[in-house]
Amino acid sequence: MVMPSGDTAVAVARHADVRMVMSDPRFSRNLTYPGAPRMLPGEDISDDPDMMINMDPPRHTRLRHLVSRAFTPRRIESLRPRATEVTEELIDDLLARTPPTDFVTAFAMPLPVRIICDLLGVPIEDRERFQAWSNAFLSTTAMSPEERGTANQEFAAYVARLVDDRRRHPGTALIDELINARDDDGALSEGELVRMTLALIVGGHETTVSFLTKGLLLLLVHPRQFELLAADPASIPSAVEEILRYDVPNDGAMLRVATEDVALPSGTVHKGEAVLPLLTVANRDTTVFPDPDRFDVTRSDNPHLVFGHGPHFCLGAHLARLELQVAIGALARRLPNLRLATSPDELTWKSGVFLPAPEGLPITW
């Protein structure tokens, strides 16, 4: 396949192939060498050597170990009361409005933003600024390479100032733990610290906004499925997994390059070839998912790959699942008559971005 940059890549689509590409160390995420293939024209995410997503072991292993302690299932589960509190407040605000209203601005955006700000220690009053920078960070063709570069520089400068401020006024949030790892143990470089914080800000809210928006849309265009959740709260976890499988935020995982010839189950990828794992297709593989085009919130066996696989498995997977479970469960319980206020065909979708989703989602009840 030809990518927007003009470079070519081997697209892998079978579930077994995608799992292997994302976990086999012979597929490298380090694309910082001269002449490396690119998804986009100009500079993109893959150019930053201090971004953890671009690292291979052992450097990646060192950094992931530092931050993974903040994302253990036990620590994330401890956030459930706060996520529940924020969710209930947002639903209270929804019910105080005269419908219709926009789900994205009223609920899908503020929920993960408030949670990630609490977890990281990012000032909530800066949310509009880092949301704009996050949009640029995740842009593909919506912005020019120059616009993306300028926004990324501004975002990095903001995070650097945030780090300096927390050094002067330390707290107990995740950013303080990362600063201590940098200053006390020397386990992080300054560049790694800034880029890790930036990536956590982006990943901590943008993907969940997409999950929530597209997930509710799915449920409302399959109203019997939404009714099932209202009648049977125990089905919420399986519903969340089906939402994740059925409509992933982006079609492909991050680009990789084969460091040697690798025999995948479906064929051989040669040394130096770029490889793009297609998550959307892998999550509809008929050899893994019976009747894969059917949206079924009761689907029990659901080994989807939306959070990746292997060393780069999404750090925020537990947090995203928790937020979705709390949000979808509360919406089904408190707003069982929730429905779209417009035809799905009339929705406007974001384009030219890594995470396509409706720009707005008018709802009524």
Side-chain angles (χ1 to χ4, degrees), residues 1-41 44-49 51-61 63-64 68 140 203 207 241-242 244-294 299-317 320 354-356:
M1 64 175 289
V2 179
M3 298 179 287
S5 65
D7 293 337
T8 60
V10 176
V12 294
R14 297 294 296 272
H15 191 276
D17 295 329
V18 170
R19 274 177 57 97
M20 185 170 174
V21 169
M22 292 193 292
S23 60
D24 194 304
R26 293 174 292 179
F27 292 100
S28 173
R29 266 296 302 152
N30 181 7
L31 306 181
T32 59
Y33 59 90
R38 282 289 176 274
M39 174 70 72
L40 304 176
D44 66 19
I45 295 171
S46 297
D47 286 289
D48 193 332
M51 191 70 72
M52 190 168 67
I53 192 65
N54 297 334
M55 299 177 188
D56 295 329
R59 189 185 180 197
H60 174 269
T61 307
L63 295 187
R64 187 173 177 104
S68 62
T140 54
T207 51
E241 298 307 313
E242 180 69 345
L244 294 171
R245 179 197 73 86
Y246 193 86
D247 202 352
V248 301
N250 56 308
D251 291 334
M254 300 299 289
L255 196 67
R256 289 158 169 81
V257 168
T259 59
E260 59 183 84
D261 290 355
V262 182
L264 297 177
S266 298
T268 298
V269 175
H270 298 287
K271 179 179 179 180
E273 285 188 316
V275 182
L276 184 65
L278 299 181
L279 299 180
T280 301
V281 186
N283 284 345
R284 302 285 183 98
D285 189 332
T286 56
T287 66
V288 179
F289 304 99
D291 197 6
D293 294 329
R294 176 172 53 90
R299 189 183 295 270
S300 57
D301 186 16
N302 204 336
H304 62 76
L305 297 171
V306 69
F307 292 120
H309 184 67
H312 286 285
F313 181 81
C314 178
L315 274 169
F354 276 112
L355 302 175

Mind listing the closest non-hydrogen atom pair of [X] and [Y] along with its distance?
X	Y	value
V12	V18	O-CG2, 3.5 Å
A253	L276	O-CD1, 3.2 Å
P265	D17	CD-OD1, 2.9 Å
V269	A258	CG1-CB, 3.9 Å
R26	V262	NH2-CG1, 3.6 Å
R245	R294	NH2-O, 3.4 Å

Taking C-beta and beyond as the side chain, do [X] and [Y] meet within less than 4.5 Å on heavy atoms?
X	Y	result
R29	H312	yes
D47	R38	yes
H60	M52	yes
S68	L315	yes
P311	R64	no
M39	P4	yes
R299	E241	no
R256	M22	yes

Working to the nearest 0.5 angstrom, can you tell me the gap between [X] [atom1] and [Y] [atom2]?
X	Y	atom1	atom2	result
E242	S300	CD	OG	10.5 Å
M55	N30	CE	CG	9.5 Å
L279	L244	CG	CG	12.0 Å
F313	L305	CZ	CG	9.5 Å

Parallel under 30°, tilted from 30 to 60°, perpendicular over 60°: which one fits the rings of F289 and H15?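 Ring orientation, 0 to 90° scale: perpendicular.
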
Would you confirm whether [X], through its side chain, and [Y], through its main-chain N or O, come within 3.5 Å as a donor-acceptor pair?
X	Y	answer
D261	A263	no
T61	P57	no
N54	P49	no
R284	Y246	yes

For the residue pair D285 / T287, report whether a side-chain donor-acceptor contact shorter than 3.5 Å exists.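 Yes, a side-chain donor-acceptor pair sits under 3.5 Å.
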
Go through the steps for L255 and M3 under the test side-chain contact (heavy atoms from CB on, under 4.5 Å), then give the verdict. CA-CA 10 Å; L255 196 67; M3 298 179 287; 3.7 Å; yes

